[in-house]
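Note that the structure is predicted; figures quoted are calculated from it, not measured. As a basis for the values below, the full set of heavy atoms in this structure was taken, side chains included, without hydrogen atoms, waters or symmetry mates.
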Number of protein chains: 2
Amino acid sequence: MLNYSTSEENYIKTIFHLQVDNDTVTTNALAHELLTRPASVTDMMKKLKTKKLVQYQPYKGFRLNMEGKKVALSIIRRHRLWEFFLSEKLKFDWDEIHDVAEELEHVSSRKLVDKLDEFLGYPKFDPHGDPIPDVHGKMENFQRVSLSALPFNTLAEVCLVSNQSSGMLEVLRHKNIAIGTKLEVKKKFGFDNSLEIKIRQQAPVTISEQLAKNIFVKYGS
Amino acid sequence: MLNYSTSEENYIKTIFHLQVDNDTVTTNALAHELLTRPASVTDMMKKLKTKKLVQYQPYKGFRLNMEGKKVALSIIRRHRLWEFFLSEKLKFDWDEIHDVAEELEHVSSRKLVDKLDEFLGYPKFDPHGDPIPDVHGKMENFQRVSLSALPFNTLAEVCLVSNQSSGMLEVLRHKNIAIGTKLEVKKKFGFDNSLEIKIRQQAPVTISEQLAKNIFVKYGS
DNA sequence: ATATTTTTTTAGATTTGTCTAAATTTTAAT
DNA sequence: ATTAAAATTTAGACAAATCTAAAAAAATAT
């Protein structure tokens, strides 16, 4: 895999994110996302086309080809590994990690990234719950977040409980929640951040913020 | 402190290194060091002068002013902290860390650097034995390396013994070496990498490679 | 002290990535 | 099916960082 400039990498990564389900990406959408001008996007698309990373016909939009996706995944891998590092090792707050990772992701040493991955213990999800691509670009195709970060009315499945104390297990049993339980969050009570959740064919139950933070669920395509 | 481009930072850092003892740095010397052309150096010096980081009179060479030195120290701080991280945490070999650190040093988030410093335990020397500037730009003014990395005929003082086993202490006592002992390395026997060392007013003694690697000395202005 | 060599600077060009304004193509509306 | 609006591309310009070749200044040698 060749090396690409920071600017090229930002375009590639952003096309990847916009191109969910292989939709064609438009010039305006990309310009808007990158806080730049449509004319600049056109210029860059010509370049990425000659570098054989995108399919592009003037006026017809563009999409990453196989090689482009491979490059995108390696950038996303770097970004999410650095996010994990910043959060887990350097104790950054969630809302501070993105911008720093945005810079670190462009340091392209392959060996650095793979050794960082090893050092971190080959994490599968970053602190936002997004899956981290492995060395080969493979990753889980769902999000994993704590129940307190799950969007409303989104069906999700319990996959992890981070606090294994007997008190925790007791309340889980009482609420009828176990690994594999499918549920969705219906409502949040701002007063104490407790959540009303709905398990299929059961009456809604309320869960404390503390409990919600320790239950991890997976969702998404 | 403002932000500077990668290129500007490389110039600033290199001037700092060339400018030992406040010597004036010449255009050719800097061009040679940065693998660039004298004309490019002149261009950049004009820029750094308008940014008030260097003193510069055409044809008269240049040197960093106070602000320039402050910036240089912060770049060197980042570089050496990353070198320490790469070596200590990611287990890179000594000869692989420089180039990667050269890239990482340009990620300029102040918070990142300070949290990294904390995570690493506020190390005072990088893996090459060079001192790491602290948050305020202060650092030790000597090198600290293992005896096996000490240049020949350089007076140095033992300041640390990394292996505290009784066997180690026994051989040290036998060779008359303790914290504070002043010595220099005279010769290296390539066959087994043993070293001949000279302690003042004593006959030379020979030290095994293994022992030398565990004795750390400080030297330099 | 003058000539020669070396160093440094200037002038003008190049590359990358960006921009604005105008032209072109596509899409939507009547 | 035209026309109007929106999206996209082209043309030409600019800033940063670099380069080569030529000019100017400083250092050195005779």
Enquirer: Let me know the distance between CZ of B/Arg37 and P of D/dT20, rounded to the nearest Å.
Expert: 5 Å
Enquirer: Starting at CD of B/Gln57 and ending at C1' of C/dT9, how long is that distance when rounded to a whole Å?
Expert: 14 Å
Enquirer: To the nearest angstrom, how far is B/Lys51 atom NZ from D/dA15 atom C1'?
Expert: 12 Å
Enquirer: Within this structure, what is the NZ-to-P distance between A/Lys60 and C/dT25, rounded to whole angstrom?
Expert: 11 Å
Enquirer: Side-chain contact, heavy-atom cut-off 4.5 Å: A/Arg77 with A/Asp114?
Expert: yes
Enquirer: Which of these nucleotides, C/dT8, D/dC19, C/dT18, is closest to any side-chain atom of A/Met44?
Expert: C/dT18
Enquirer: If I take atom CD in residue B/Glu9 and atom P in nucleotide D/dA16, what distance separates them, rounded to the nearest angstrom?
Expert: 16 Å
Enquirer: According to the interplanar angle, ranging from 0 to 90°, do the rings of A/Phe119 and A/Phe85 count as parallel (below 30°), tilted (30 to 60°) or perpendicular (above 60°)?
Expert: tilted
Enquirer: Would A/Lys115 and B/Phe92 count as a cation-pi pair here, with the cationic atom under 6.0 angstrom from the ring centre and within 45° of the axis?
Expert: yes
Enquirer: Output the rounded distance in Å from CD (B/Glu8) to P (D/dT18).
Expert: 10 Å
Enquirer: Rounding to an integer number of Å, can you tell me how far A/His32 NE2 sits from D/dA6 C1'?
Expert: 16 Å
Enquirer: Within the structure, does a side-chain N or O atom of A/Tyr59 lie under 4.0 Å from either OP1 or OP2 of C/dA23?
Expert: no
Enquirer: So that I can tick it off, tell me whether B/Lys51 and B/Glu8 are bridged by a salt bridge, with the cut-off set at under 4.0 angstrom between side-chain N and carboxylate O.
Expert: yes
Enquirer: Take atom CG of A/Asp43 and atom P of D/dT9, then tell me their distance rounded to the nearest Å.
Expert: 10 Å
